[in-house]
Amino acid sequence: MLDLTLIIPTKKEVESLPIFLKEIENFNCKKIIVLQKEDLETKTAIEKIKNIKVVEQAKNGYGNALIEGINSVETKYCCIINADGSMNPKYLSEMRKLCENKDLIFGSRYQKPGGGSDDDDLVTMIGNYFFTFMGNLLFSLKISDILYTYILGKTLSFKNLKLENFDFRICVEIPIKAKLQNMDYSCLPSYERERIGGKKKVNAIKDGLLILSEIVKYFLRVKK
Ligand SMILES: Nc1nc2c(ncn2[C@@H]2O[C@H](COP(=O)(O)OP(=O)(O)OP(=O)(O)O)[C@@H](O)[C@H]2O)c(=O)[nH]1
Ligand SMILES: [Mg+2]
């Protein structure tokens, strides 16, 4: 997997990131941690870890972390994978193989056999199903999990999406733009683990409403 770079968006993940990086220590790929300048605790916690690149974001936000991460990739493939350990890296080699004749491969918690989640609560599960349903209804995305954002793809395809959202709206911007650009993508069942430690950064209500506004925005734009 020498042609693969992991993009690891990280915000205050002292409890999780060092353990996750230990887990992927022997994965033969490049690893970019994208974090905020002021996140001194996380920076200190990983300063002795070898074979990683730390990118300090010019602009804050989860979306900016992905955009700046993608822009610093130099390999043919890259994959967005969280710092909290919830995305199991055992799927990477299969995602990488499947991507040879695709643009993007989406990890899916809701595709069987194999998909599932130990991290979902009732609210996030209903939200995930609702947004996935909306995406399929309004854009015929034909994907089974719109918000997981465990996505491996060709770096060029990611760059061609010309992503713009600085926050969690980027999670739906990626599949919707991929569809609008007629990209070739598919899903692979993926079992989500609980986060290793620390707190979640997503606010179900606030970020849920932002994501809904993004879906509506694209729908109105396409209908024009
Ligand atoms: N660089 C950067 N990373 C972020 C930001 N917000 C969240 N992240 C990271 O993005 C990933 C996803 O955030 P999470 O808090 O795990 O969101 P979540 O998976 O919905 O929440 P849990 O289910 O509790 O894990 C984690 O690796 C975070 O550290 C941000 O503003 N900047
Ligand atoms: Mg998480």
Side-chain angles (χ1 to χ4, degrees), residues 5-24 31-46 49 52-73 78-89 91-92 106-110 115-132 145-152 163-174 190-212 214:
T5 300
L6 304 183
I7 300 167
I8 309 177
T10 301
K11 183 179 180 182
K12 299 193 174 144
E13 298 285 8
V14 188
E15 295 90 343
S16 301
L17 184 61
I19 298 172
F20 180 58
L21 290 176
K22 184 84 195 148
E23 182 183 14
I24 57 171
K31 297 149 200 169
I32 299 182
I33 322 298
V34 194
L35 45 66
Q36 301 177 174
K37 259 188 253 63
E38 58 273 24
D39 192 353
L40 299 177
E41 253 196 295
T42 310
K43 281 199 272 185
T44 309
I46 59 171
I49 298 177
I52 57 170
K53 179 176 170 186
V54 177
V55 169
E56 294 190 356
Q57 300 179 230
K59 291 189 239 150
N60 283 353
Y62 171 80
N64 279 331
L66 300 191
I67 293 169
E68 293 181 29
I70 291 164
N71 286 337
S72 38
V73 172
C78 60
C79 183
I80 301 162
I81 187 162
N82 286 350
D84 64 358
S86 58
M87 295 164 170
N88 195 325
Y91 300 106
L92 286 169
F106 292 85
S108 168
R109 296 163 290 184
Y110 307 118
S117 176
D118 287 336
D119 196 50
D120 254 350
D121 54 36
L122 189 65
V123 175
T124 58
M125 192 174 76
I126 292 172
N128 287 331
Y129 270 106
F130 172 71
F131 290 121
T132 301
D145 188 355
I146 200 175
L147 289 185
Y148 194 25
T149 320
Y150 183 10
I151 310 169
L152 185 148
L163 297 168
E164 290 168 345
N165 277 292
F166 65 87
D167 54 24
F168 284 102
R169 280 175 282 191
I170 200 164
C171 298
V172 289
E173 183 185 4
I174 296 172
S190 195
Y191 199 96
E192 183 181 36
R193 310 182 290 196
E194 269 181 48
R195 60 160 43 249
I196 296 168
K199 291 203 201 90
K200 75 187 289 155
K201 316 297 173 317
V202 175
N203 178 308
I205 306 295
K206 178 180 146 261
D207 294 308
L209 286 173
L210 282 173
I211 285 165
L212 182 63
E214 184 71 5

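Note that ligands are numbered from 1 as they come in the structure, with each ligand's atoms numbered from 1 the same way. These values consider heavy atoms only, across backbone and side chains, with no hydrogens, waters or symmetry-generated copies.
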Drop me the distance from [X]'s [atom1] to [Y]'s [atom2], to the nearest 0.5 angstrom.
| X | Y | atom1 | atom2 | result |
| --- | --- | --- | --- | --- |
| N88 | E192 | CG | CD | 11.0 Å |
| T42 | L35 | OG1 | CG | 6.5 Å |
| E13 | D84 | CD | CG | 5.5 Å |

As an exercise, identify every atom of ligand 1 less than 4.0 angstrom from a heavy atom of [X].
| X | result |
| --- | --- |
| E13 | 26 (C), 27 (O), 28 (C), 29 (O) |
| F168 | 6 (N), 7 (C) |
| Q36 | 30 (C), 31 (O), 32 (N) |
| K200 | 15 (O), 21 (O), 22 (P), 23 (O), 24 (O) |
| Q57 | 1 (N), 2 (C), 32 (N) |

Just wondering, do [Y] and [X] contact through their side chains at under 4.5 Å, heavy atoms?
| X | Y | value |
| --- | --- | --- |
| I67 | N64 | yes |
| I8 | I24 | yes |
| V34 | Q57 | yes |

Flag, side chain of [X] to backbone of [Y], donor-acceptor distance under 3.5 Å:
| X | Y | answer |
| --- | --- | --- |
| D118 | R193 | no |
| N165 | D167 | no |
| Y150 | N82 | no |
| K201 | K199 | yes |

Test of understanding: given a 4.0 Å heavy-atom threshold, classify the contact between [X] and ligand 1 as side chain, backbone, both, or neither.
| X | result |
| --- | --- |
| F166 | neither |
| N82 | both |
| R195 | side chain |
| I8 | neither |
| K201 | both |
| A83 | both |
| K12 | neither |

- request: Could you tell me which N, O or S atom of D84 is nearest to the Mg ion (ligand 2)?
  value: OD2
task: Indicate if the distance from the Mg ion (ligand 2) to the nearest N, O or S atom of D119 falls below 2.8 Å.
output: no
Is there a polar contact, in the sense of an N or O pair closer than 3.5 Å, between [X] and ligand 1?
| X | result |
| --- | --- |
| E192 | no |
| A65 | no |
| V34 | yes |
| D119 | yes |

Validation row, ring centre F106 to ring centre Y148 under 6.0 Å: no
Counting heavy atoms only, which of [options] comes nearest to [atom]?
| atom | options | answer |
| --- | --- | --- |
| atom 2 (C) of ligand 1 | I7, T10, N203 | T10 |
| atom 18 (P) of ligand 1 | N128, V202, D207, T124 | V202 |
| atom 25 (O) of ligand 1 | N64, D84, L147 | D84 |

Residues K59 and E68 bridged, charged N to O under 4.0 Å: no
